[in-house]
Amino acid sequence: MGKTLTEKILSEKSGVDAQASDIVIAPVDLAFVQDTTGPLTIRQFQESGRSKLASPQQSVIFLDHAIPSPNRQLSNDHQSLRSFAKETGCLIFEGGNGICHQLVAEAFANSGDIIVGADSHTVTAGALGAFATGMGSSDIAIALALGKTWFRVPESFKITISGRFQKGVCAKDLALYLIGMLGADGATYKALEFGGEAANNMTMSQRLTIANMAVEAGAKVGLFPSDNITRKYLAAQGRGNKYKALYPDINANYEQTIAINADELEPMIAMPHTVDNVAPARTLAGTKVHQVFIGTCTNGRLEDLATATAILKNKKCNPHVRLIIAPASRQVLTAAIKAGYIQTLVTAGAILLPPGCAACLGLHQGVLGDNEVCLSTANRNFKGRMGNPEASIYLASPATAAASAITGEITDPRKVI
Amino acid sequence: MPDMILKGKALKFGDNISTDLITPGRYAHLRSNLSELAKHTMEDADPTFVDKVRPGDFIIAGKNFGLGSSREHAPLVIKMTGISAILAKSVARIFFRNSINQGLPILICDTDKIDSGDEIKVNLTKGVITNSTSGIQLTFGKLPQVMLDILSEGGLIPYINKYGDFKL
Ligand code: SF4
């Protein structure tokens, strides 16, 4: 029997012939925390009586969720994370460098790697063919200490995407459509493995958006094969030597096969308060929005800002809308400055925030008021997510977000492009 | 060894209780002050939860309990409020593993057969849940051995402290 991508990576790393439902122990190539899960991870690490990391150069702390810090408690958490980095020699990315998942893609993830992070969207690196999955603080503490962890090998769903995206339709629309189809728990504990013509043609930015949202259907990983696009991306990031081709076997065993035709997709929205509560954007026309947020590990990349810029060029945001833009990383921000996107977006009325999670999780930088509506390019719209359980969050692509920022209501971007 | 028995009252919730409802992101500044953080447990799902819960009580949930973020603070604060186990129709992957790693039993069963306020008894060893109020008995799925071992040591950290490594 052939192997899925998941089985291939876990077999190679664990040194045993791993099949779905087996339990294996495997070394990790990277273990990381961010600033809101890091302090508990350090506490657990210390409670395990350890002081040394298995591999400091494969252990990373990212300060991204609460930067610049909104209050003294989080500032103190940042201090203790910095001290831990100093004591153990692990790597630390200071605030302003970007969101952990974007930085993992830019600087660390290689095809065939195993990556574990104390953040659920660790799945993002699946775009590069890395078996990347989110875990809690105890698991990461032990991965940092031992350099390995245990996995149950998940069964895989094959998601075959044919055709190509039509004008105004983004990778995000596919992600929302797929989650709507599977349901928020439809892929619980499974691996999603993407393939097909549209998947093969997707840019790395699009793949990252889709892999990022695999967890919103409950999946453990969202994997793309490692191909020529992966090779080019790694080369552009200075890791061309790390590339290796990686595909599932043709006769691999999938628990389910799902076919999606990209030609038929249209701009989608996830309505409050679950990500699987989806509808075409056109059916929600007229829904007033108070805040539009373009950014996050889902849609804060250069291509996303380019999409928004193309729509907002020579236009103005609706005076009743606060448009917030937070690039996913310093690399994205500097490239966006160079390309003139930031000039256009800020002129159109956008508030520019530093690279980081920004308004995504309700800590600061865009907390919603009672009964307010936000249209966001993030991956979650749970009640209370943006700091106020009395507010509503709708999720959409950067194109739909930019179009809606102009009109002040949910707008199918095909109406304005 | 005597059977491991848990006893308490049912506190019922619906489907899709996210980690944002269990321990909202707006309290992230309290994450290094766990006793303060625990005062807000389940706040956005039921603001009266912390006042109602008594040691030994059970959270009874629908499907996909604990979806969302990887914050292990979620099962941690639930345990701190005195909850002895979570019973749900299904559980999100990371929350499931985190709960076991915190030594908090999480059992998959048909929770439609349990109402709020029912007196529940769980025999962890035999795998049987008894609803003493209705007289109905339920069973729950067995955990993989590695998880059972972690749970019986009270969590992942005590497990590693004892064995020094994973043992399969
Ligand atoms: S951008 Fe949002 S979803 Fe992504 S890591 Fe940050 S808080 Fe999490």
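Residue numbering restarts at 1 for every chain, and letters A, B, ... go by the order of the sequence lines.
- Closest heavy-atom contact between A:S120 and B:S69: OG-CA, 3.7 Å.
- By number of non-hydrogen pairs under 4.5 angstrom with chain B, the leading residue of A:I142, A:N388, A:V367 is A:I142.
- B:Q102 has its side chain within reach of A:Q44: a pair of non-hydrogen atoms, C-beta onward, lies under 4.5 Å apart.
- Looking at B:S90, the atoms closer than 4.5 Å to chain A (heavy atoms on both sides) all sit in the side chain, from C-beta outward.
- Contact of B:I94 with chain A is made through the side chain alone, with heavy-atom distances under 4.5 Å.
- Checked by atom type and distance alone, the side chain of A:R380 pairs as donor or acceptor with a backbone atom of B:G68 at under 3.5 Å.
- Considering every non-hydrogen atom in both B:F166 and A:T149, the closest pair reads CE1-CA, 3.6 Å.
- Rounding to the nearest 0.5 Å places CD1 of B:I160 at 5.0 Å from CG of A:L146.
- Residues in residues 75-116 of chain B take part in these ring pair (Phe, Tyr, Trp, His ring centres under 6.0 Å) pairs, two or more places apart or across chains: B:F65-B:F95.
- Listed here is the closest heavy atom pair of B:L156 and A:S138: CD2-O, 3.5 Å.
- Neither the backbone nor the side chain of B:E43 has a heavy atom closer than 4.5 Å to any heavy atom of chain A.
- Across all non-hydrogen atoms, the minimal contact from A:S48 to B:N161 is O-OD1, 3.0 Å.
- Per-residue counts of heavy-atom pairs under 4.5 Å with chain A were compared for B:N64, B:N98, B:V91; the largest is that of B:N64.
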* **side chain to side chain contact (heavy atoms under 4.5 Å, CB included) between A:T36 and B:R31, intermediate numbers included** => CA-CA 7 Å; A:T36 69; B:R31 288 189 189 173; 3.1 Å; yes
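- A 6.0 Å sphere centred on NZ of B:K9 holds more than 12 heavy atoms belonging to other residues, nucleotides or ligands.
- When only modelled atom types and interatomic distance are considered, A:T133 and B:R93 share a side-chain donor-acceptor pair under 3.5 Å.
- In this structure the side chain of B:M147 reaches within 4.5 angstrom of the side chain of A:W150, judged on heavy atoms.
- Chain B forms more heavy-atom pairs under 4.5 Å with one residue of A:D77, A:T37, A:T41 than with any other, namely A:D77.
- A:F151 CZ to B:R97 CZ: the interatomic distance, rounded to the nearest 0.5 Å, is 7.0 Å.
- Residue B:D44 touches chain A through both its backbone and its side chain, counting heavy-atom pairs closer than 4.5 Å.
- Proximity to chain B is limited to the side chain of A:N71, based on heavy atoms less than 4.5 angstrom apart.
- Distance check: B:L21 CG to A:K383 NZ gives 6.5 Å after rounding to the nearest 0.5 Å.
- For A:V24, the part sitting under 4.5 Å from any heavy atom of chain B is the backbone (N, CA, C, O) and nothing else.
- Nearest approach of B:L67 to A:A184, heavy atoms of both residues: CD1-CB, 4.4 Å.
- Looking at B:D165, both its backbone and its side chain come within 4.5 Å of chain A, counting heavy atoms on both sides.
- Considering only heavy atoms from C-beta on, B:Y27 stays 4.5 Å or farther from A:Q73 through its side chain.
- Here the CD-CD1 distance, from A:E47 to B:I157, works out to 7.0 Å after rounding to the nearest 0.5 Å.
- Proximity to chain A is limited to the side chain of B:I150, based on heavy atoms less than 4.5 angstrom apart.
- Both the backbone and the side chain of B:N101 come within contact range of chain A, each with at least one heavy atom under 4.5 Å from a heavy atom of that chain.
- Each of B:Q145, B:R26, B:R71, B:E72 has some count of heavy-atom pairs under 4.5 Å with chain A, and the biggest count is that of B:E72.
- Residue contact with chain B, scored on non-hydrogen atoms closer than 4.5 Å, involves the side chain of A:F382 exclusively.
- Here B:S32 contributes atom OG and A:R43 contributes atom CZ; the two are 7.0 Å apart, rounded to the nearest 0.5 Å.
- Of all heavy-atom pairs between B:K63 and A:D185, the closest is CD-OD2, 3.6 Å.
- One distance of note links OG of A:S137 with NE2 of B:H73; it measures 5.5 Å at 0.5 Å rounding.
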